[in-house]
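Right, one structure below, let's go through it.
Here is the naming used below: chain letters follow the sequence lines, and residue numbers restart at 1 for every chain.
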There are 2 protein chains.
Amino acid sequence: MKRNKKERQSLLIETIQDNPFITDEDLAEKFSVSVQTIRLDRLELSIPELRERIKHVAEKNFEDEVKSLPIDEVIGEMIDIQLDSTAISIFDVKEEHVFKRNKIARGHHLFAQANSLAVAVINDELALTAKANIHFTRSVKQGERVIAKARVISIENDRTKVEVISSVNNECVFKGEFDMFRSHSPEQ
Amino acid sequence: MKRNKKERQSLLIETIQDNPFITDEDLAEKFSVSVQTIRLDRLELSIPELRERIKHVAEKNFEDEVKSLPIDEVIGEMIDIQLDSTAISIFDVKEEHVFKRNKIARGHHLFAQANSLAVAVINDELALTAKANIHFTRSVKQGERVIAKARVISIENDRTKVEVISSVNNECVFKGEFDMFRSHSPEQ
DNA sequence: CAGTAATTAAGACTAGGTACTAATAGTAGT
DNA sequence: ACTACTATTAGTACCTAGTCTTAATTACTG
């Protein structure tokens, strides 16, 4: 159990990282050293005390909450919409959207942006995707900004066809044709 | 500033709700009452102390983080996989996956499950979706468990076709054919 | 074996509380 | 006017999970 200082300290960092809720007392027990040693370690490594750590996690959460609510409705940020006609949204590809290995955006995020835009453009309280035919024409990398444009191409009874073209720097990266189902026909 | 008890208490709830990081002392000042009054109020309303509140917020965050990490890799839980052959994942539709109005799962989540399964089944470090043809055959409601089964139907050079069928209680809800691109052909 | 590094201990103090007891102020009922 | 009751305030002891400081002990190394 007893390791040298360096080993203990690097383990300490790991331990606290994947469980910030652990007290000095628990850490002391875990590493079979005194509480004071743990405190010296934290001092050297400038790891804040339990309560401060918890506070940081909570603060991050609090910020995220505000951020993740709109994401639940439309993936990407809606910047223009004409119901039953056209809509535009932008989506910035960040770390959490890409494969770790190659920083290429995972397909379902591009799909999600396009699909939610297709849903949003329809002037109905209930719009569902029935079919979709999609092409990923170029891979999108982390840091790129995807602009999706939706265009309603036909409305027939309860079916609406929407075409979505997403591009980065005017280069098409995704193209999809969505066959949408709506509960009510428009203007009735 | 001085309101009656009821008014103060309902304001207290609101205040703490949109800023859980406020101390009793600050609250006392805000409502021009003593710290003890605030503590009695919290007791009556069963609002926990600052540190407990912060901890709850942090814990919620921490759960989410753990939850969202695997989500980043495969949407749904992988329960079986034979590389370049078949794979199965399950996905429980929860509150955060549905439209608020009608509790129907948003299409992109079903797509994400299927798409990430199609990526996973391919025995290559780089697999990207090139094209997909998908059908949402039945709407999925909150609380339902979607079982997605992927089957590799052809491998040709750098292209692999994967069929994914997702079902709830043995009833097909989603069907997709994914045309996947891989960086290396298998077994070379 | 001395000298330094690492560890442990002990004591005083802090924030932000809980739990409990007690005093005071204000108001309504009879 | 007296009583009953509610609301508010005050004060004390105690708690957790620390900080900061001083000091003693132990371990390792040249």
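- Taking atom CZ of R53(B) as the reference point, atom P of dA15(C) lies 18 Å away to the nearest angstrom.
- Nearest to the side-chain atoms of D24(B) among the listed nucleotides dT8(C), dT8(D), dG17(C) stands dG17(C).
- When the C1' atom of dT8(D) is taken as reference, atom CD of Q9(B) falls 12 Å away, rounded to whole Å.
- Nearest heavy atoms, G176(A) versus I134(A): CA-CG2, 3.9 Å.
- Scanning all heavy atoms of the two residues, the minimum distance from A148(A) to V164(A) falls at CB-CG1, 4.2 Å.
- Distances shown here put a side-chain N or O of R42(B) below 4.0 Å from the OP1 or OP2 atom of dT18(C).
- Using a 4.0 Å heavy-atom cutoff across all strands shown, E49(A) reaches sugar-phosphate atoms only and no base atom.
- In this structure, R159(A) places its CZ atom where more than 12 heavy-atom neighbours from other residues, nucleotides or ligands lie under 6.0 Å away.
- Residue R8(A) places no side-chain N or O under 4.0 Å from the OP1 or OP2 atom of dA6(C).
- Atom C1' of nucleotide dA6(C) and atom CD1 of I38(A) are separated by 13 Å, given to the nearest angstrom.
- Nearer to the 5' terminus of DNA chain C, by closest-nucleotide assignment, is the contact made by D41(A) (compared with the other of D41(A) and R51(B)).
- Under the salt bridge (Lys or Arg N to Asp or Glu O under 4.0 Å) test applied with E163(A), the options K149(A), K175(A), R151(A) reduce to a single match, R151(A).
- Along DNA chain D, the nucleotide nearest R39(A) and the nucleotide nearest E44(B) are compared for position; the residue whose nucleotide lies closer to the 5' end is E44(B).
- Taking only side-chain nitrogens and oxygens, T37(A) comes nearer than 4.0 Å to OP1 or OP2 of dT8(C).
- A pairwise comparison of heavy atoms in T15(A) and L11(A) identifies OG1-O, 2.6 Å as the closest pair.
- Protein atom CG of N4(A) is 22 Å distant from nucleotide atom P of dT4(C), rounded to whole Å.
- Distances from the side chain of Q36(B) to the nucleotides dG11(D), dG18(D), dG17(C) place dG11(D) closest.
- Atom-to-atom, CG of L12(A) to P of dT7(C) comes out at 12 Å; the value is rounded to the nearest Å.
- Put simply, CD on E29(A) is 14 Å from P on dT8(C), counting in whole angstrom units.
- Atom CG of L40(A) and atom C1' of dA24(D) are 14 Å apart (whole Å).
- You'll find that the side chain of K5(B) is closest to dA7(D), out of dT8(C), dA7(D), dT7(C).
- I47(A) has its CD1 atom 18 Å from the P atom of dA17(D), to the nearest Å.
- When the side-chain nitrogen and oxygen atoms of S34(A) are compared with OP1 and OP2 of dT8(C), one or more of them lie within a distance under 4.0 Å.
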